[in-house]
Number of protein chains: 2
Amino acid sequence: MAKRQISLLRSIEDVFTFWDVLTHDERNFIQNSYTIHHYKKNEVIQCEGDEPTHLMILAIGKVKVYKNGFGNRAQIVRMLKPGEHFGYRAIIANEPNSTTVTAFEDSTVYMISGENFLSILRHNNAFCYRFLEELSFDLAESDARTVNLTQKHIRGRLAESLLFLKDNYGLEEDGATISIYLSREDLANHSNMTTSNAIRTLASFVNESLIAMDGRKIKIIDEEKLRKISKMG
Amino acid sequence: MAKRQISLLRSIEDVFTFWDVLTHDERNFIQNSYTIHHYKKNEVIQCEGDEPTHLMILAIGKVKVYKNGFGNRAQIVRMLKPGEHFGYRAIIANEPNSTTVTAFEDSTVYMISGENFLSILRHNNAFCYRFLEELSFDLAESDARTVNLTQKHIRGRLAESLLFLKDNYGLEEDGATISIYLSREDLANHSNMTTSNAIRTLASFVNESLIAMDGRKIKIIDEEKLRKISKMG
DNA sequence: CTAAATTTGTGCTAAAGAACATAGTTTTCA
DNA sequence: TGAAAACTATGTTCTTTAGCACAAATTTAG
């Protein structure tokens with residue numbers, strides 16, 4: 001009983017949040033050169049170690065950005081929603097991709113080639129500045145994640161992940177169910193723990209009436225207390 | 001027996017590695033407005049949570065950039081050497097500092113006010129692009145650090161830190177001693193472990209003839225093996 | 001120069017979390 | 001639709017590493 005998702009595809013000028021700082025010519029340039037790609041659930045969009053090719057803009061769906069660590073353990077470092085960009089960091093740094101990107105669910109991506117991206121970056125200061133801002137935010141987030149994942153205990157890390165998912169993807173109509181359904185493994189890979197521990201800790205949270213679960217659906221019952229747990233480690 | 005360090009102060013145009021992309025006017029503008037500040041060993045240069053004020057360029061010395069986590073535990077996220085920049089991320093993101101910066105040793109810093117920095121960023125595309133590149137590198141490093149610190153075991157993390165210090169600060173004339181002397185605590189805060197474990201693990205490394213120690217001086221004896229330990233976790 | 005404070009070193013204990021095993025459940029897809 | 005694969009759940013064991021406590025050594029400061 002997969003819900004048939006009828007996602008209307010918004011145009012690139014509608015999805016690309018930096019469109020407003022582009023000149024008339026640049027807009028035409030992109031309109032005439034961008035490509036659209038569709039990915040099925042679990043399909044890999046870009047691979048760690050490969051040469052970067054495009055600035056990508058997520059139009060529909062949800063994707064995870066992660067690094068493969070040691071012994072089959074992955075660490076999710078970002079999770080994107082429509083309108084967010086990826087794949088461009090490696091182009092700017094002129095080095096291979098540092099992360100793998102995979103579709104959580106069926107996703108649609110607008111792509112702008114690396115050369116075209118760089119050419120606009122080099123000519124349009126406002127455009128360049130927008131990406132500078134974005135990386136500034138991302139860097140602070142990444143540094144914060146390092147501390148959270150290394151210093152908080154399991155319960156704190158899981159609570160933090162649940163709250164992140166809620167803040168990032170929002171809730172469904174019932175005002176409680178988190179609008180993204182992750183496997184226990186993905187949840188574990190986001191909060192730096194083993195799958196068994198994610199399962200166990202989720203079960204504890206259910207017992208303590210902090211959340212309720214139905215398969216992969218998670219309802220947040222006591223956000224207050226979750227925030228406290230997340231804060232304290 | 002503190003060694004009297006006679007560090008000749010290089011001029012800002014000499015230290016600031018993005019000087020070459022500045023226009024004649026911008027150079028004059030900075031020459032007429034920058035300030036110099038001296039900090040003693042262990043003095044705090046900027047504080048997490050405070051409003052950012054300046055783009056800072058380290059002219060002399062070494063500084064650590066870190067976040068204060070939970071229960072007295074700090075995590076060092078960057079360590080800078082002369083010519084490197086800091087303090088500017090928060091200006092661009094327009095938010096409070098996300099890190100604290102402290103001098104490891106007596107240090108000298110050139111400062112350019114936030115407004116002046118932003119004004120040049122907004123008018124000089126090449127300048128803006130340089131910082132975009134820098135943040136691109138830093139972001140990949142930060143994500144990599146997250147994985148290293150969460151997934152590697154203690155020995156792997158310490159080996160990695162020692163190699164980082166060697167690669168970042170180089171060796172002394174003897175071709176073996178790492179050119180920075182850290183307390184065990186700082187070493188622990190860089191490799192995400194307790195001070196006792198840093199001490200213990202260093203002692204193991206000495207026993208295994210991977211390194212030699214004399215107080216805070218650390219000689220790298222078997223880099224090959226250290227790299228293996230760092231890689232494997 | 002001496003007392004106080006900080007840093008380093010070592011041993012012991014406890015807790016957190018990983019690893020593994022196994023079984024039940026759900027999903028996938030041929 | 002039915003078998004295989006993937007995911008979820010739970011119990012048990014074992015390792016890693018944090019958390020003390022305390023002593024020795026070194027540095028700092030009055």
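So you know, we letter chains A, B, ... as the sequences are listed, proteins then strands, and number each from 1.
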*Asks:* If we ignore hydrogens and angles and just use 3.5 Å, is the side chain of A:Thr201 paired with the main-chain N or O of A:Ala198 as donor and acceptor?
*Replies:* no
*Asks:* Check the distance between C:dA18's C1' and A:Phe70's CZ and give it to me in whole angstrom.
*Replies:* 16 Å
*Asks:* With a cut-off of less than 4.0 Å, is there a side-chain N or O of B:Arg155 near OP1 or OP2 of D:dT16?
*Replies:* no
*Asks:* Side-chain N or O of B:Ser183 less than 4.0 angstrom from OP1 or OP2 on C:dT7?
*Replies:* no
*Asks:* Measure from CG on B:Leu149 to P on D:dA18 and round the result to the nearest Å.
*Replies:* 12 Å
*Asks:* Please report the distance, rounded to the nearest Å, between CG in B:Leu202 and P in C:dT8.
*Replies:* 10 Å
*Asks:* Please work out if A:Ile154 contacts a base, only the sugar-phosphate, or nothing of the nucleic acid, heavy-atom cut-off 4.0 Å.
*Replies:* sugar-phosphate
*Asks:* If you assign each of A:Asn197 and B:Met213 to its closest nucleotide in DNA chain C, which residue comes earlier from the 5' end?
*Replies:* B:Met213
*Asks:* Whole Å only: how far is the CZ atom of B:Arg157 from the C1' atom of D:dA18?
*Replies:* 11 Å
*Asks:* How many whole angstroms separate atom CD of B:Glu185 from atom P of D:dA18?
*Replies:* 14 Å
*Asks:* Out of curiosity, A:Ile211 CD1 to A:Leu162 CG, how far, rounded to the nearest 0.5 Å?
*Replies:* 5.5 Å
*Asks:* Checking contacts here: which listed nucleotide (C:dA18, C:dT8, D:dA18) is nearest the side-chain heavy atoms of B:Arg216?
*Replies:* C:dT8
*Asks:* Which sits closer to the 5' end of DNA chain D, A:Gly215 or A:His153, going by the nucleotide each is nearest to?
*Replies:* A:Gly215
*Asks:* What is the distance, rounded to the nearest whole Å, between atom NZ of A:Lys41 and atom P of C:dT28?
*Replies:* 5 Å
*Asks:* Quick check for you: to the nearest 0.5 Å, what is the distance between A:Tyr39 atom OH and A:Gln46 atom CD?
*Replies:* 9.5 Å
*Asks:* Quick one: does any side-chain atom of B:Glu43 pair with a main-chain N or O of B:Ala103 as donor and acceptor, under 3.5 Å?
*Replies:* no
*Asks:* Rounded to whole Å, please give me the gap between CG in B:Asn192 and P in D:dT16.
*Replies:* 17 Å
*Asks:* According to a strict under-4.0 Å criterion, is A:Thr194 in side-chain N/O contact with OP1 or OP2 of C:dG17?
*Replies:* no
*Asks:* Is there, by distance only and without an angle test, a donor paired with an acceptor across the side chain of A:Arg200 and the base of C:dG17 below 3.5 Å?
*Replies:* no
*Asks:* Please determine if a side-chain N or O atom of A:Arg184 lies less than 4.0 Å away from the OP1 or OP2 oxygen of D:dA9.
*Replies:* yes
*Asks:* Indicate, with yes or no, if the rings of A:Phe117 and A:Phe131 have centres closer together than 6.0 Å.
*Replies:* yes
*Asks:* Check the distance between C:dT8's P and B:Asn189's CG and give it to me in whole angstrom.
*Replies:* 12 Å
*Asks:* Contact class for B:Ser196 (heavy atom, under 4.0 Å): base, sugar-phosphate, or nothing?
*Replies:* base
